Amino acid sequence: MRPLIFALCLSPWATAFAATPTFPESYQGIWDQSEQQCRLAESETRMQVQQTQVQYYESIAKPANIELTNIGLTITMIYSGEGETWQEKSNWMLSDKRDQLTIKHPGYTPFTYVRCPE
């Protein structure tokens, strides 16, 4: 039995059984740039972090890798929207009260979101 399990781990089928990266529950929810934006029916800066994807105004991102670090998460995401697909790596830092989320993409100024009531 062990040789069979080992063979399956080395086969191309192994990727079919690989776990999909998931966002920790503390990061899940609806986030926007301000409490005022949270109250709007639609907002171009809103994002909804779900267990296995992030929904933005005109795009969706799925995590390819989520790594827990001493300051938060380092995430590699596959984005798709407006007919394009791209990959980005970013650092996500949750405030102590878990009501603010700061995201830092390399080469850009960090952006802080506030948690919206659900």
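Numbers for residues simply follow the sequence, beginning at 1. Here the structure is a predicted model, which means the values were calculated and not measured. Values below: all heavy atoms of this structure, side chains included; hydrogens, waters and symmetry mates excluded.
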(Q) Closer than 3.5 angstrom, by distance alone: can the side chain of S59 be matched with the main-chain N or O of G81 as a donor-acceptor pair? (A) no
Q: Could you work out the complete set of other residues in the hydrophobic cluster of V114, with links drawn between I, L, V, M, F, W and Y side chains under 4.5 Å apart?
A: none
Q) Quick one: NZ on K89 to CG on N65, what's the gap to the nearest 0.5 Å? A) 7.5 Å
Q: Can you sort out the partners of T45 under side chain to side chain contact (heavy atoms under 4.5 Å, CB included), two or more places apart, ordered by chain and number?
A: D32, Q33, Q37, S43
Q | Greater than 12 external heavy atoms within 6.0 Å of E25's CD | A | no
**Q.** disulfide (SG to SG under 2.5 Å) partners of residues 57-97, not counting sequence neighbours, each pair once
**A.** none
(Q) Looking at R115, is its backbone amide N or carbonyl O close enough to the side chain of R98 to form a donor-acceptor pair, meaning the two atoms are under 3.5 Å apart? (A) no
Q. What residues join L101 in its hydrophobic cluster, counting side-chain heavy atom gaps under 4.5 Å, either direct or through other members?
A. F23, Y27, W31, M47, V49, V54, Y56, I66, L68, L73, I75, M77, Y79, W86, W92, L94, I103, F111, Y113
Q: Measure the spacing between CD of Q51 and OG1 of T20 and express it to the nearest 0.5 Å.
A: 9.5 Å
Q: Decide if atom CD of Q87 counts as having more than 12 heavy atoms of other residues, nucleotides or ligands within a radius under 6.0 Å.
A: yes
Q | Non-hydrogen atoms of A64 and P21 that approach each other most closely | A | O-CG, 3.4 Å
Q: Mind checking the CE-OG1 spacing from M93 to T112? Nearest 0.5 Å is all I need.
A: 7.5 Å
Q) Should side-chain heavy atoms under 4.5 Å link Ile, Leu, Val, Met, Phe, Trp and Tyr, which residues sit in the same cluster as I30? A) none
**Q.** Pair T22, T52: side-chain N/O donor-acceptor within cut-off below 3.5 Å
**A.** no
Q. Could you give the distance from CG (N91) to NZ (K104), rounded to the nearest 0.5 Å?
A. 8.5 Å
Q: Rounded to the nearest 0.5 Å, what's the gap from CD1 on I78 to NZ on K62? Could you check?
A: 11.0 Å
Q | Set of residues satisfying side chain to side chain contact (heavy atoms under 4.5 Å, CB included) with respect to Q55, sequence neighbours excluded | A | Q48, Q53, I60
Q: Write down the atom of G29, the atom of E118, and the distance for their closest heavy-atom approach.
A: CA-OE2, 3.3 Å
